[in-house]
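What follows is a single structure, written as structure tokens, with notes after it.
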Amino acid sequence: MGIMEYYAPTHVYFGEGAEDKVAQVLAENGATKVLVHFGTGSVKKTGLLDRVEELLDKAGIGFVELGGVVPNPRVSLVRKGIELYKSEGCDFILAVGGGSVLDSCKAIGYGVYGGGDVWDFYCGKRKVEGTAPVGCILTLSATGSEMSDSSVITNDETDPVYKRGVNTDFGRVRFALLDPMLTTTVTRYQTACGATDIMMHTLERYFHDGYALDFTDQLSFTLLKEVMKWAPAALKKPNDYDARANLMWCGSLSHNGLMAAGNSTKGDWACHQIEHELSAEYDVAHGAGLAAIWASWARYCLDTDRARFVKLGEGVFGESDPEKAIAKFEDFFRSIDMPVDIKGLGLDFDEAACRRAALGVTFQDARTIGNFKVLDTEDIFNIYMMASGLK
Ligand code: NZQ
Ligand code: ZN
């Protein structure tokens, strides 16, 4: 059955005002000069960045700013961050933002520690063997990067553009300051994308080819139901603490390993691979891309293990017909204005586009993905065709 690993070392501070602890927590971590990394403007607009910098000033902790992280964060800015960290003599990296900012920070950490070309870690040429320390103030509930071992970076210096993830325990950040109220300014669309991503991190773990602990299955159903309850509540009332808090904690727990704890594998992850190709090539939002392909994946893989789908449907919807349960997930995505096919992403895929994307996923036929059902280029092509309404 194998030995499972569960490692979630991040020190979490959760609740309204958690970000006020930033100077104290940085000092406890020995930080004296911090690279403060953020996105394209939201943290300036909300005043969060000013507040954070004021707290650092008061505590006598030096800092240097680097903004500009875009969704699907780019390696070019990571390179700038590595240079800045070194030239400014920083000893800590603080993410103030969503998953993209966090992932960019993690990449800077690997690059600072490992030297050389940081992309090596993402294309599999070198293994991450350490990192500069990273902590975060999270502003968007979605990726779970605040507790995950993962960082996903897009290489915008190549043609085609590559989006690659690296998983390593060095990616577990030292601390996460989680204030649900910081997420009240997130747009409807990003809130819905985030909710979808949170659900998918649990669904990807639920489907796999190994032993599944029933307790973990039941936790997974609860998490899915909670997200489906609180996402609409957050859309209806964006500043609702309960809604934002439940989404935020679901986001962290969905991707910190708990939802596979006790299982014999870490999950399937095919949908993420299929999605990453879309967000690399077409720069769509990750959560929306997942919503657009999940049901097609599910229908394609249903007969691999129907019983697993039946258990999911019963656990989440009290629905023992798996086809109907898949349709209910689609209904939910529709209800929060997520796309349920590739057209809904604003993309007009023909057969050639499906083929090209499938080859991109398998690195030109050099690998398979998934373990619930192992998918090769042809399988992935079929899933893209189904998600494009061509099959
Ligand atoms: O750039 P700013 O101005 O901050 O705006 C961002 C961005 O436009 C905005 N935003 C964030 N917090 C806000 C806010 N707007 C208003 N108020 C706030 N409080 O939201 C937009 C999206 O932000 P982004 O960080 O890109 O979103 P998300 O957290 O969904 O991150 C997506 C990235 O993470 C990767 C995805 O592939 C994608 O690249 N993932 C990372 C994972 C991980 N490291 O564990 C796992 C995931 O599966 C995923 O692959
Ligand atoms: Zn994801």
Side-chain angles (χ1 to χ4, degrees), residues 12 14-19 39-43 45-48 71 97-101 137-146 176-203 219-255 259 275 284-295 312-313 315-319 324-341 343-346:
V12 173
F14 187 99
E16 195 166 355
E19 69 277 19
T40 57
S42 70
V43 295
K45 222 161 130 189
T46 58
L48 175 63
S100 293
V101 174
I137 298 176
L138 188 70
T139 64
L140 201 172
S141 307
T143 64
S145 185
E146 66 277 12
L177 302 178
L178 306 181
D179 176 355
M181 293 313 279
L182 294 181
T183 67
T184 57
T185 52
V186 174
T187 60
R188 281 184 68 82
Y189 184 67
Q190 287 295 341
T191 298
C193 287
T196 306
D197 196 20
I198 295 169
M199 289 173 68
M200 284 303 305
H201 294 158
T202 287
L203 285 167
L219 275 184
S220 303
F221 303 153
T222 299
L223 188 142
L224 290 165
K225 285 193 282 192
E226 286 294 296
V227 176
M228 293 167 78
K229 169 175 163 187
W230 292 109
L235 294 181
K236 204 166 165 195
K237 198 171 162 217
N239 60 355
D240 184 282
Y241 181 84
D242 285 340
R244 295 298 184 175
N246 279 287
L247 283 178
M248 192 170 232
W249 195 227
C250 282
S252 300
L253 295 191
S254 192
H255 205 26
M259 295 299 146
E275 190 295 309
V284 299
H286 172 61
L290 290 169
I293 51 115
W294 185 76
L312 176 71
V316 176
F317 300 111
E319 173 59 72
K324 286 189 183 154
I326 294 169
K328 286 195 171 178
F329 277 108
E330 277 184 314
D331 288 344
F332 171 73
F333 291 143
R334 276 193 206 95
S335 77
I336 58 168
D337 295 331
M338 281 287 99
V340 291
D341 54 28
K343 204 175 240 158
L345 288 169

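Positions are given from 1 along the sequence.
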Answer yes or no: is there a side-chain heavy-atom contact under 4.5 Å between [X] and [Y]?
X: H255; Y: T143; value: no
X: P180; Y: E16; value: no
X: L290; Y: D197; value: yes
X: M199; Y: F332; value: yes
X: L203; Y: L312; value: yes
X: I198; Y: L223; value: yes
X: W294; Y: I326; value: yes
X: T196; Y: H286; value: no

Does [X] have any side-chain hydrogen bond (donor to acceptor under 3.5 Å, both in side chains) partners at least two apart in sequence or in another chain, and if so, which?
X: R334; value: D331
X: Q190; value: none
X: S254; value: T202

Rounded to the nearest 0.5 Å, what separation is found between the [atom1] atom of [X] and the [atom2] atom of [Y]?
X: M248; Y: W230; atom1: CE; atom2: CH2; result: 15.5 Å
X: M200; Y: C193; atom1: CE; atom2: SG; result: 13.0 Å
X: L178; Y: R244; atom1: CG; atom2: CZ; result: 14.5 Å
X: T46; Y: M181; atom1: OG1; atom2: CE; result: 12.5 Å
X: D337; Y: Y189; atom1: CG; atom2: OH; result: 10.0 Å
X: K45; Y: T185; atom1: NZ; atom2: OG1; result: 8.5 Å

Considering all heavy atoms of both residues, which atom of [X] and which atom of [Y] are nearest to each other, and what is their separation?
X: V227; Y: P232; value: O-CD, 4.0 Å
X: R188; Y: L235; value: NH1-O, 3.3 Å
X: P71; Y: S100; value: CA-OG, 3.4 Å
X: A192; Y: M338; value: CB-CE, 3.7 Å
X: A234; Y: T191; value: CB-CG2, 4.2 Å
X: N246; Y: E226; value: OD1-OE1, 3.8 Å

Query raised in the report: Considering the options V12, L138, I137, which one meets the side-chain contact (heavy atoms from CB on, under 4.5 Å) requirement together with E146?
Result: L138
Query raised in the report: Is there a side chain to side chain contact (heavy atoms under 4.5 Å, CB included) between M228 and V316 once you walk through the steps?
Result: CA-CA 10 Å; M228 293 167 78; V316 176; 4.1 Å; yes
Query raised in the report: Relative to the ring of W249, is the ring of F14 parallel (under 30°), tilted (30 to 60°) or perpendicular (over 60°)?
Result: perpendicular
Requested in this report: Dump the intermediate steps for side chain to side chain contact (heavy atoms under 4.5 Å, CB included) on L247 and T183, then the final yes or no.
Outcome: CA-CA 10 Å; L247 283 178; T183 67; over 6 Å; no
